[in-house]
Enquirer: 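First the structure, then my questions, so here it is.
In what follows, chains carry the letters A, B, and so on, assigned in the order in which the sequence lines appear, proteins first and then strands, with residues in each chain numbered from 1.
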Amino acid sequence: MTPAFDKLARPVQKWIRAQGWRELRDIQARAIHILAEDNGDLIIAASTAGGKTEAAFLPLISQVLDDPATGAGFDLLYIGPLKALISDQARRLEDICREAELPVVPWHGDIAASSKSRAVKNPRGILLITPESLEALFVRRGLEIPRLFKNARAVIIDEIHSLLDTERGIQVRSLLARLELAVGRPIRRIGLSATLGDMGLAGEYLRPDAPDDVHVIEADNGGSELRIQLRGYVSGDKDEDVPAPVRAISDHLFTHLRGSDNLVFAGTRQSVEIYADRLRTLCEEAHLPQEFYPHHANLSREHREFVEHRLKEGAVPTTAICTSTLELGIDIGDVTCVAQIGAPFSVASLRQRLGRSGRREGNPAILRQYAIETELRADSNILDRLRLGLVRAVAMIELLLEGWCEPPRPGALHLSTLVHQILSVISGRGGAKAPDIYKTLFQHGPFRSVSSAVFLEVLRAIGRPDIALIEQGEEGILLLGEAGEKLTDHYSFFAVFKTPEEYRIVANGKTLGSISIDNILAPGMLLIFSGRRWHVQEIHDRERVIVVVPAKAGVPPRFGGDPGIIHDRVVERMFEVLESRERPVYMDRTALNLLDEARGNYAQIHFDTGGIVQTADSEFLIATRLGTIKTETLALALRSQGYRVHVHDGFIEGTFSEAQSSPIDTLKAIARGKNIDLFSSDPNLISEKFHPYLTDDLLRLDVVSSKLDQQSLPRICANILGG
DNA sequence: GACCTGCTGCGGTTTG
């Protein structure tokens, strides 16, 4: 074939021939050359099904075969964020490795303990593991880590775009640093990804000590055709059984998606239930077989796998009404079109979703965007008049077409994850001194933006007698306290992210899924769940179980959630859309009418003399033109000065009383550097799993580093006043 | 004003 092919080991070449491949893909050939050249780190970015896994593994497996290690130890380590992904990848790798007689060891919570203990006794080949299971190895078998990984040539991290600066991403980085420390040498890191907004920042994530040395291979997947339509809908009376836009959008989906495989991203789990229920009803009324199914994280594994299987097999037409569950890497094959109801929270996720469609050569990728706006009345709010949902959908489509997406946001302290890693290090080593922990987690690990003073404060906080996560032993050794022992002893310790408490919903002895305990339910109430209608029969509070039987009517449950963070650039583009006169060709007539209306209303506000206007006697409106973080920071500052404010995309709406100074004067004072206590309105600061063990001071530091931008506050105010 | 992800070790019994 090619020089790249000649570099591969015999059994690998034989496997490639058996696949009937005529040639290696471009990214595969490039990866083979780069991985043969030196020991450097590498990022491979290509779309789903673009051959990334093979690009990384074919040359690495070749190296293992050409130069076998002596003694026990895994040759390669793969970290994947999903159990389903690990099982998928293990199947593919087993096929390649069968010829080479290299063991492939999938390892996650659903794998039998017997096969795990076998692998620990005789570690060889490729280990595929979740971040949580790797954490468990460090905690439960900390002393065996060097033996298990001393031969590891590389660690492959799949879907790194889903990790980056998240809690879980910081955990993975910490584990990598601890791994290298345990084996006493660097281990080459290879990141696989679909969507990356900024390769430099991804390199920074992969190897913080030498980001510039990280090789990058990017597939050019330009050229494939993209078809977009944005349809507008106006909602009327809220009291209707099925609201008009739900009815109209469902009719449109039913007409255009029936007969093919599609994904409908409905935005929220509640919305998934509403549209799935409506589309099921339409199928029943037309006496047609069912082909629309809901898919979200609260539905049972059995039901989700049923939907995934139908999509993957492609034997019968299937449309999944889903949340971001179907956005990540699990293999569901190609879909005809991707529908998006309401604007998403990030361009990155829109891009990732669209990547599911038009993958087969010659097929276009199709995006059907639906925007719902409320009908205006004489007393309608000014922000309803600006049609911000529709405007955001337009802004995001424009940014998508330009190829932009959100970069990661480094700089957060991640104190909750730090508490977790401190406990993990102490537990895995049976005790540790503060300077050793500092060396492990800070000099080599991901917490270098945390100062040593803050580190000591965290140790003191979790060592307080009423917290008792750690305590001081002889010669300054830190040991687990009573609460720390209890926490790390339970398997729930290994995940760094928080999970809500839930009821299990059971019908006819089978689990349908779960709903949050925040739902107020009583026997006799009606429920829509898993796309069908139910009657609540029994509630078992202690067992957290709700028993339901089929019913004729129902209402969807509440699932709750955190507000999303919208990037500055998206809001900036929204204002450009409001101030422009261009009418995008992909919008239907209703959508264009709504956009014209929004532009007319925006022009009437007269922001031309500055970003703040008085809209009524005691009401004001600020256009920050900035994303969630900066707009929320200003909102907190105004609240601390006694104003009542509401935040929207790039806008703050507020009221003030005569006794207060005018909001313009307040903005002027902040612009001049007036000292503001952002927390005087006492906002909730606990959002992550280990936050409850920290002090208020530490929580404030953490929030300021991750969710606010205190530093920019004077400039934000100056820009608003400058018009 | 949202979405998603994950989980060990032991003791007992049976089988080759």
Enquirer: Quick one: list whatever passes ring-ring contact (aromatic ring centres under 6.0 Å, His included) with Phe575(A), sequence neighbours left out.
Expert: Phe651(A)
Enquirer: Classify the ring geometry between Tyr370(A) and Tyr233(A) as parallel (under 30°), tilted (30 to 60°) or perpendicular (over 60°).
Expert: tilted
Enquirer: Do any N or O atoms of the protein come closer than 3.5 Å to N or O atoms of nucleotides 10-15 of chain B, and which pairs are they?
Expert:
none

Enquirer: Please enumerate all residues that pass ring-ring contact (aromatic ring centres under 6.0 Å, His included) together with Phe679(A), with sequence neighbours excluded.
Expert: none
Enquirer: Among residues 128-142 of chain A, which residues get a heavy atom nearer than 4.0 Å to DNA chain B?
Expert: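 When residues 128-142 of chain A is checked for heavy atoms under 4.0 Å from DNA chain B, the hits, listed by number, are Thr130(A), Glu132(A), Ser133(A), Ala136(A), Arg140(A), Arg141(A).
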Enquirer: In whole angstrom, what separates Glu327(A)'s CD from dA2(B)'s C1'?
Expert: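 Taking CD of Glu327(A) and C1' of dA2(B), I get 11 Å after rounding.
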Enquirer: Just to be sure I understand the rule, does His108(A) reach a base, reach only the sugar-phosphate, or reach nothing, if contact means heavy atoms closer than 4.0 Å?
Expert: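 Since only primed, P, OP1 and OP2 atoms lie under 4.0 Å of His108(A), the category is sugar-phosphate.
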Enquirer: Specify the separation, in whole Å, of atom CG of Asp489(A) and atom P of dT8(B).
Expert: 14 Å
Enquirer: Would you mind telling me which of dT5(B), dC4(B), dT8(B) lies closest to the side-chain atoms of Tyr491(A)?
Expert: dT8(B)
Enquirer: From CD of Gln270(A) over to P of dG1(B), roughly how many Å is that when rounded to an integer?
Expert: 11 Å
Enquirer: Looking across every strand, which nucleic acid part, if any, lies under 4.0 Å from Arg304(A) by heavy atom: base, sugar-phosphate, or nothing?
Expert: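 Contact class for Arg304(A): sugar-phosphate only.
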Enquirer: Looking at residues at least two apart in the chain, or sitting in another chain, which of them share a salt bridge (charged side-chain N to carboxylate O under 4.0 Å, His left out) with Asp110(A)?
Expert: Lys83(A)
Enquirer: Ignoring backbone atoms, test whether Arg269(A) places a side-chain nitrogen or oxygen under 4.0 Å from the OP1 or OP2 oxygen of dC3(B).
Expert: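 It does, given that an N or O in the side chain of Arg269(A) lies less than 4.0 Å from OP1 or OP2 of dC3(B).
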Enquirer: Is it true that, when you exclude Arg504(A) itself, more than 12 heavy atoms of the residues, nucleotides or ligands shown sit nearer than 6.0 Å to its CZ?
Expert: no
Enquirer: Take the protein atom CG of Leu299(A) and the nucleotide atom P of dT5(B), then report the distance between them rounded to whole Å.
Expert: 11 Å
Enquirer: Heavy-atom contacts under 4.0 Å between residues 493-505 of chain A and DNA chain B, which residues?
Expert: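 Hits under 4.0 Å, by residue number: Phe494(A), Ala495(A), Phe497(A), Thr499(A).
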Enquirer: Just the rounded figure in Å: distance from C1' of dC7(B) to CD of Gln171(A).
Expert: 11 Å
Enquirer: Does anything in residues 133-145 of chain A form a salt bridge (Lys or Arg N to Asp or Glu O under 4.0 Å)? List the pairs, not counting sequence neighbours.
Expert: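 Passing the test, one end in residues 133-145 of chain A: Glu135(A)-Arg178(A), Glu144(A)-Arg147(A).
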Enquirer: Name each donor-acceptor pair under 3.5 Å that joins a side chain in residues 562-569 of chain A to protein atoms two or more places apart or in another chain, with its distance.
Expert:
residue, atom, partner, partner atom, Å
His567(A), ND1, Arg569(A), N, 2.9
Asp568(A), OD1, Gly627(A), N, 2.7
Asp568(A), OD2, Lys630(A), NZ, 2.5

Enquirer: Ignoring backbone atoms, test whether Lys83(A) places a side-chain nitrogen or oxygen under 4.0 Å from the OP1 or OP2 oxygen of dT5(B).
Expert: no
Enquirer: Roughly, in whole Å, what's the span from NZ in Lys707(A) to C1' in dG1(B)?
Expert: 15 Å
Enquirer: Looking at Arg544(A) and Glu501(A), is there a salt bridge between them, counting it only when a charged N and a carboxylate O are closer than 4.0 Å?
Expert: yes
Enquirer: Of the options dG1(B), dC7(B), dC3(B), whose atoms approach the side-chain atoms of Thr323(A) most closely?
Expert: dC3(B)
Enquirer: For Ile79(A) and dG6(B), give me the distance from atom CD1 to atom C1', rounded to whole Å.
Expert: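 Interatomic distance, CD1 of Ile79(A) to C1' of dG6(B): 14 Å.
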Enquirer: Check this for me, if you would: do Arg409(A) and Asp165(A) make a salt bridge, where the nitrogen-to-carboxylate-oxygen distance has to be below 4.0 angstrom?
Expert: no
Enquirer: Not counting sequence neighbours, which residues clear ring-ring contact (aromatic ring centres under 6.0 Å, His included) with Phe497(A)? List them please.
Expert: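 With neighbours one apart ignored, the set is empty.
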Enquirer: List the residues meeting ring-ring contact (aromatic ring centres under 6.0 Å, His included) with Tyr293(A), not counting sequence neighbours, and say none if there are none.
Expert: Phe306(A)
Enquirer: Using a heavy-atom cut-off of under 4.0 Å over every strand shown, decide if Gly564(A) touches base, sugar-phosphate, or nothing.
Expert: base
Enquirer: Measure the distance from CZ on Arg168(A) to P on dC4(B) and round it to the nearest whole Å.
Expert: 14 Å
Enquirer: I want to verify a distance call: between dG1(B), dC4(B), dG6(B), whose nearest atom is closest to the Ile566(A) side chain?
Expert: dG1(B)
Enquirer: For Asp277(A), which residues count as a salt bridge (charged side-chain N to carboxylate O under 4.0 Å, His left out) partner, sequence neighbours excluded?
Expert: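 Testing Asp277(A) for salt bridge (charged side-chain N to carboxylate O under 4.0 Å, His left out), a comparison that skips the adjacent residues, returns Arg280(A), Arg533(A).
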Enquirer: Out of dA2(B), dC4(B), dG6(B), which has the shortest distance to the side chain of Thr268(A)?
Expert: dA2(B)
Enquirer: Tell me which donor-acceptor pairs under 3.5 Å the side chains of residues 340-350 of chain A have, and how far apart each pair is, sequence neighbours excluded?
Expert:
residue, atom, partner, partner atom, Å
Gln340(A), OE1, Arg353(A), NH1, 2.8
Gln340(A), NE2, Gly342(A), O, 3.0
Ser346(A), OG, Ser349(A), N, 3.0

Enquirer: Pick the nucleotide of DNA chain B nearest each of Phe559(A) and Ala84(A); which residue has the one closer to the 5' end?
Expert: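 Mapping each residue to its closest nucleotide by heavy atoms, the 5'-most match is Phe559(A).
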Enquirer: Using a 4.0 Å heavy-atom cut-off, does Asp649(A) contact any base of the nucleic acid, only the sugar-phosphate backbone, or nothing at all?
Expert: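 Touches a base.
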